[in-house]
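To start, the structure itself, in structure tokens.
Please read these numbers as outputs of a predicted model, since none were measured by experiment.
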Amino acid sequence: MTTWDDAQRVSVWDGGWHRGARRLESPNHGARPATAQAVDLIVVHSISLPPGEFGTGAVQQLFTNTLDWNAHPYYQGIRGLQVSAHFFIDRLGVPWQFVDCDLRAWHAGQSFYRGRAQCNDDSIGIELEGLEGLDFEPPQYQTLAWLCQDIALRYPIAHVAGHEHIAPGRKQDPGPGFDWAILQKTLDWPRHQFPSATQPPAL
């Protein structure tokens with residue numbers, strides 16, 4: 001049964017847009033396939049541009065196809081890349097949203113998890129500003145948990161995994177610096193909904 005508190009939190013959604021996030025629309029998205037399963041997976045990523053530099057605004061530029069490829073030597077290796085995520089959480093815990101959650105963002109790439117391929121089709125991608133191997137900030141965990149809770153009010157979320165778990169061997173984010181136990185404890189969701197911290201990524 002939906003409680004009064006749940007009803008109040010549902011109101012944070014404007015369609016597939018979260019009212020609490022800074023809206024910056026990306027052109028890099030598409031419709032979810034008609035044959036796709038229910039959106040039941042949240043994928044946690046990490047990104048920083050240039051790698052290891054924070055607060056540059058370059059991630060927002062990348063997701064909106066406005067990045068100056070000549071602004072840094074690293075960008076030459078990703079020139080022309082067209083990607084997006086539904087959400088990006090900066091080091092201060094500020095959430096940005098780029099794609100309507102009812103639509104398919106381009107965040108997962110070739111992937112396989114919970115018996116299904118092409119995780120973009122039925123997942124929501126959340127990028128944390130960071131770098132594989134480095135720690136994340138407490139406000140980022142707080143915002144991530146808050147978003148996960150609100151997402152679960154609108155979609156039947158049953159799994160939370162890292163990019164490294166849905167594309168093992170190809171991706172390493174969010175990496176060993178991300179503390180899955182903190183997220184699980186904060187959300188108080190069943191342990192089986194999260195990847196094991198002691199086992200290698202499993203399909």
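Here the straight-line distance linking atom CG of L183 with atom CD of Q142 works out to 12.0 Å at 0.5 Å rounding. Separating the SG atom in C101 from the CD1 atom in I124 is a distance of 4.0 Å, to the nearest 0.5 Å. With rounding to the nearest 0.5 angstrom, the CG atom of L134 is 8.0 Å from the OG atom of S48. Separation of atoms CG (D173) and NE2 (H165) is listed at 10.5 Å; rounding is to 0.5 Å. Atom OG of S84 is separated from atom CH2 of W106 by 7.0 Å, given to the nearest 0.5 angstrom. Note that CD of E53 is 10.5 Å distant from CG of L131, once rounded to the nearest 0.5 Å.
Side-chain atoms of Q110 and Q118 form a donor-acceptor pair, as typed in the model, at a separation below 3.5 Å. No side-chain N or O of R104 forms a donor-acceptor pair with one of N28 less than 3.5 Å apart. At a cut-off of 3.5 Å, with distance as the only test, no side-chain donor of D100 or H29 sits close to an acceptor on the other residue. Counting only N and O atoms by type, the side chains of N70 and Q76 include a donor and acceptor under 3.5 Å apart. Between the side chains of Y155 and D102, at least one donor N or O lies within less than 3.5 Å of an accepting N or O.
Between F63 and F87, a ring centre-to-centre spacing not shorter than 6.0 Å is recorded. A distance of 6.0 Å or more separates the ring centres of W17 and H86.
Under the 3.5 Å distance criterion, the side-chain polar atoms of Q140 are matched with a main-chain donor or acceptor of D90. Under a 3.5 Å cut-off, the side chain of R32 and the backbone N or O of N120 do form a donor-acceptor pair. Judged by distance alone, the side chain of H163 and the main-chain N or O of A108 form a donor-acceptor pair under 3.5 Å. Put simply, the side chain of R154 gets close to the backbone of G15: a donor and an acceptor are under 3.5 Å apart. Distance alone, capped at 3.5 Å, is enough to place a donor-acceptor pair between the Q97 side chain and the V99 backbone. S26 contributes no side-chain N or O that, together with a main-chain N or O of T64, makes up a donor-acceptor pair within less than 3.5 Å. Between the side chain of S111 and the main chain of C119, a donor-acceptor pair closer than 3.5 Å is present.
In terms of hydrophobic clustering, with Ile, Leu, Val, Met, Phe, Trp and Tyr side chains grouped at heavy-atom distances under 4.5 Å, F178 and I47 are assigned to different clusters. W13 and L103 fall into different hydrophobic clusters, where Ile, Leu, Val, Met, Phe, Trp and Tyr are joined by side-chain heavy atoms under 4.5 Å apart, directly or via other members. Under a hydrophobic-cluster definition in which Ile, Leu, Val, Met, Phe, Trp and Tyr are linked whenever side-chain heavy atoms come within less than 4.5 Å, directly or via other members, V59 and I78 are assigned to the same cluster. Under a hydrophobic clustering in which Ile, Leu, Val, Met, Phe, Trp and Tyr are joined whenever their side-chain heavy atoms come within less than 4.5 Å, directly or via other members, I182 and W146 fall into the same cluster. L92 and L144 fall into different hydrophobic clusters, defined by Ile, Leu, Val, Met, Phe, Trp and Tyr side-chain heavy atoms under 4.5 Å apart, directly or through other members.
Between V94 and R22, some side-chain heavy-atom pair lies under the 4.5 Å cut-off. You'll find the side chain of S46 reaches within 4.5 Å of the side chain of F136, heavy atoms only. A 4.5 Å side-chain heavy-atom check between I42 and I126 finds at least one atom pair inside the cut-off.
With respect to E129 and R91, no salt bridge is recorded, no charged nitrogen being found less than 4.0 Å from a carboxylate O. Looking at D121 and R116, no side-chain N of the basic residue comes within less than 4.0 Å of a carboxylate O on the acidic one, giving no salt bridge. Between R114 and D40, at least one side-chain nitrogen of the basic residue sits less than 4.0 Å from a carboxylate oxygen of the acidic one, meeting the salt-bridge criterion.
Nearest approach of G125 to A85, heavy atoms of both residues: O-CB, 3.8 Å. Contact record, L147 with P95: CD1-CB, 4.4 Å, taken as the closest heavy-atom pair. Among all heavy-atom pairs drawn from F194 and L187, the shortest one is CZ-CD1, 3.9 Å. Closest heavy-atom contact between P50 and H72: CG-CD2, 3.4 Å.
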**OP:** Evaluate the side chain to side chain contact (heavy atoms under 4.5 Å, CB included) criterion for residues Y75 and L49: first the C-alpha distance (whole Å), next the side-chain angles of each, then the deciding distance (0.1 Å), finally the verdict.
**Re:** CA-CA 8 Å; Y75 300 160; L49 290 175; 4.0 Å; yes

**OP:** Please lay out, stage by stage, how I157 and L41 fare under the test side chain to side chain contact (heavy atoms under 4.5 Å, CB included).
**Re:** CA-CA 6 Å; I157 300 301; L41 171 65; over 6 Å; no

Subject >> Derivation of the side chain to side chain contact (heavy atoms under 4.5 Å, CB included) call for Q172 and E132 >> reply: CA-CA 7 Å; Q172 292 80 42; E132 296 93 337; 4.2 Å; yes

**OP:** Run the numbers on D179 and Y141 for side chain to side chain contact (heavy atoms under 4.5 Å, CB included), then give the verdict.
**Re:** CA-CA 9 Å; D179 193 328; Y141 285 103; 3.5 Å; yes

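For the pair R23 and W96, the cation-pi test (distance below 6.0 Å, angle within 45°) is failed.
Under the side chain to side chain donor-acceptor pair (under 3.5 Å) test applied with S123, the options Q37, H107, H159 reduce to a single match, H107.
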